[in-house]
Amino acid sequence: MDQLLLKMSEAKAYIESKLTVKPDIGLILGSGLGVMAEEIESPIKIKYSEIPHFPVSTVEGHEGQFVVGKLNGKNVIAMQGRFHYYEGYTMQEVTFPVRVLKALGVKHLILTNAAGGTNESFSGGTLMLITDQINIMGVNPLIGKNESELGPRFPDASSIYSPEFNAQILDEAKALNIDLKQGVYFYFTGPAYETPAEVRLAKMLGGDAVGMSTAPEALVAAHMGMKVTGISCITNMAAGIQKTALNHQEVVEVANRVQSTFIKLVNRIIEIA
Ligand code: HPA
């Protein structure tokens, strides 16, 4: 068996040995949004550090564990903490958990993140439904040998984020009185926040938000035929638009501030998924 497939199956076997249910929905929780996992009923927690072949998360505000259980009647596996390219992992390592989620039987992946707003109609605390993404960083998680068992060499990327499901989410948000914006997520590797010139570039190229996660995971999920949903919590306006200096503490504070609205929205998304 090829290395990736072997690693996936060993990680899957370990996780399955701890579970009593088969998860259908995957949830990756971004900076300051990890508390959502506390909503999960009769949770089973599995630390990434216990799982064969898993990298270990290092970033502040990320817990580094799976939380598995029921949320709104659905079997959910949440990632409290994720891996980022800026931590020094390869793109294959960053997206390995998504491969494992697929191996576990997850059909729908919900990705969340904190991001900087480049669309000037946004402000700190805005929630943005991701419609599409831009990754021109020169790093792509699908570079390298393709496992045709997982997906095609040249996967279609014309609708990574299900447009049909997105339309449903927008209706549900309206019904919940949540002002959910839509936009394109522009990926930067980080770890430095963008310069104002980079933010102008992202904006000019069609980005509504800038961030350091999500895009690689979404592409890998789409490669394997998973349904993908993405929500950005705009924790700050991007550099140059926001006049004050950017910092991680502000990101976490703002994400915490909108937590209850975010949880309400994600709960409903899971309900209709
Ligand atoms: N840029 C990149 N990532 C981010 C930002 C930002 O402004 N805010 C939160 N995550």
Side-chain angles (χ1 to χ4, degrees), residues 1-30 34 37 40 42-59 62-71 74-85 87-112 139-157 160 162 213-230 270 273:
M1 206 188 290
D2 272 303
Q3 206 55 14
L4 173 61
L5 297 173
L6 185 65
K7 286 182 177 172
M8 280 169 68
S9 87
E10 287 176 1
K12 170 194 179 233
Y14 179 82
I15 296 165
E16 271 182 343
S17 75
K18 305 271 170 193
L19 302 183
T20 48
V21 293
K22 211 172 166 55
D24 294 312
I25 298 173
L27 186 57
I28 301 188
L29 299 166
I40 294 175
S42 10
I44 295 171
K45 297 181 177 176
I46 308 168
K47 291 212 180 332
Y48 300 152
S49 55
E50 296 171 26
I51 306 170
H53 313 298
F54 256 62
V56 178
S57 182
T58 60
V59 80
H62 290 253
E63 319 258 336
Q65 61 182 1
F66 281 116
V67 183
V68 191
K70 280 231 189 279
L71 200 52
K74 302 273 169 75
N75 292 329
V76 170
I77 179 163
M79 285 183 71
Q80 217 170 17
R82 52 150 59 96
F83 303 100
H84 303 84
Y85 187 68
E87 293 176 87
Y89 303 116
T90 64
M91 275 291 179
Q92 281 72 24
E93 288 171 322
V94 166
T95 54
F96 181 67
V98 177
R99 299 283 189 200
V100 174
L101 290 180
K102 170 72 181 182
L104 286 166
V106 168
K107 292 166 205 76
H108 187 165
L109 182 63
I110 301 167
L111 295 153
T112 70
V139 284
N140 184 307
L142 301 180
I143 289 175
K145 184 176 184 295
N146 185 62
E147 296 295 348
S148 54
E149 247 179 73
L150 300 177
R153 172 73 289 185
F154 301 109
D156 176 42
I160 292 177
S162 166
S213 67
T214 304
E217 296 152 344
L219 181 65
V220 163
H223 175 244
M224 297 183 293
M226 292 165 96
K227 189 163 160 183
V228 180
T229 299
I270 288 169

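Worth saying up front: this structure is predicted, and the values here are computed from it rather than measured. By convention here, the first residue in the shown sequence is residue 1.
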For Ala221, which residues count as a side-chain contact (heavy atoms from CB on, under 4.5 Å) partner, sequence neighbours excluded? Val98, Leu109, Met226, Val228

Excluding sequence neighbours, so at least two apart, what forms side-chain hydrogen bond (donor to acceptor under 3.5 Å, both in side chains) with Glu149? none

Polar side-chain atom of Glu50 near backbone of Ile15 as donor-acceptor pair, under 3.5 Å: no

Gln80 side-chain N/O to Gly34 backbone N/O, donor-acceptor pair under 3.5 Å: yes

Is the side chain of Lys74 donor-acceptor paired with the backbone N or O of Ile270 at a distance under 3.5 Å, no angle test? yes

Strictly by side chain to side chain donor-acceptor pair (under 3.5 Å), give each pair with a member in residues 19-30 just once, sequence neighbours left out. Asp24-Lys107

Could you grab the distance from atom CZ of Phe154 to atom CG of Leu142, nearest 0.5 Å is fine? 11.0 Å

Going by side-chain hydrogen bond (donor to acceptor under 3.5 Å, both in side chains), name the residues that satisfy it together with Asn140, two or more places apart in sequence or in a different chain. none

So, do Phe66 and Leu101 sit near enough that their side-chain heavy atoms are less than 4.5 Å apart? yes

Partner set under side-chain contact (heavy atoms from CB on, under 4.5 Å) for Pro141, not counting sequence neighbours: Met91, Thr95, Pro216, Leu219, Val220

In Å, rounded to the nearest 0.5 Å, how long is the span from NZ of Lys70 to CD1 of Ile40? 12.0 Å

Lys18 side chain vs Ile46 backbone, donor-acceptor pair below 3.5 Å: no

Would you mind listing every salt bridge (Lys or Arg N to Asp or Glu O under 4.0 Å) that reaches into residues 88-104, with sequence neighbours excluded? none

Mark yes when over 12 heavy atoms from residues, nucleotides or ligands other than Lys227 sit less than 6.0 Å from its NZ; otherwise mark no. yes

Is a side-chain donor or acceptor of His223 paired with a backbone partner of Pro152 at a separation under 3.5 angstrom? yes

State which residues pass side-chain hydrogen bond (donor to acceptor under 3.5 Å, both in side chains) with Glu16; sequence neighbours excluded, sorted by chain then number. none

Contact between Leu6 and His53 at the side-chain level, heavy atoms closer than 4.5 Å - yes or no? no

Who passes ring pair (Phe, Tyr, Trp, His ring centres under 6.0 Å) against Phe96, sequence neighbours left out? Phe54

Got a second to check how far Ile110's CD1 is from Met79's CE, nearest 0.5 Å? 14.0 Å

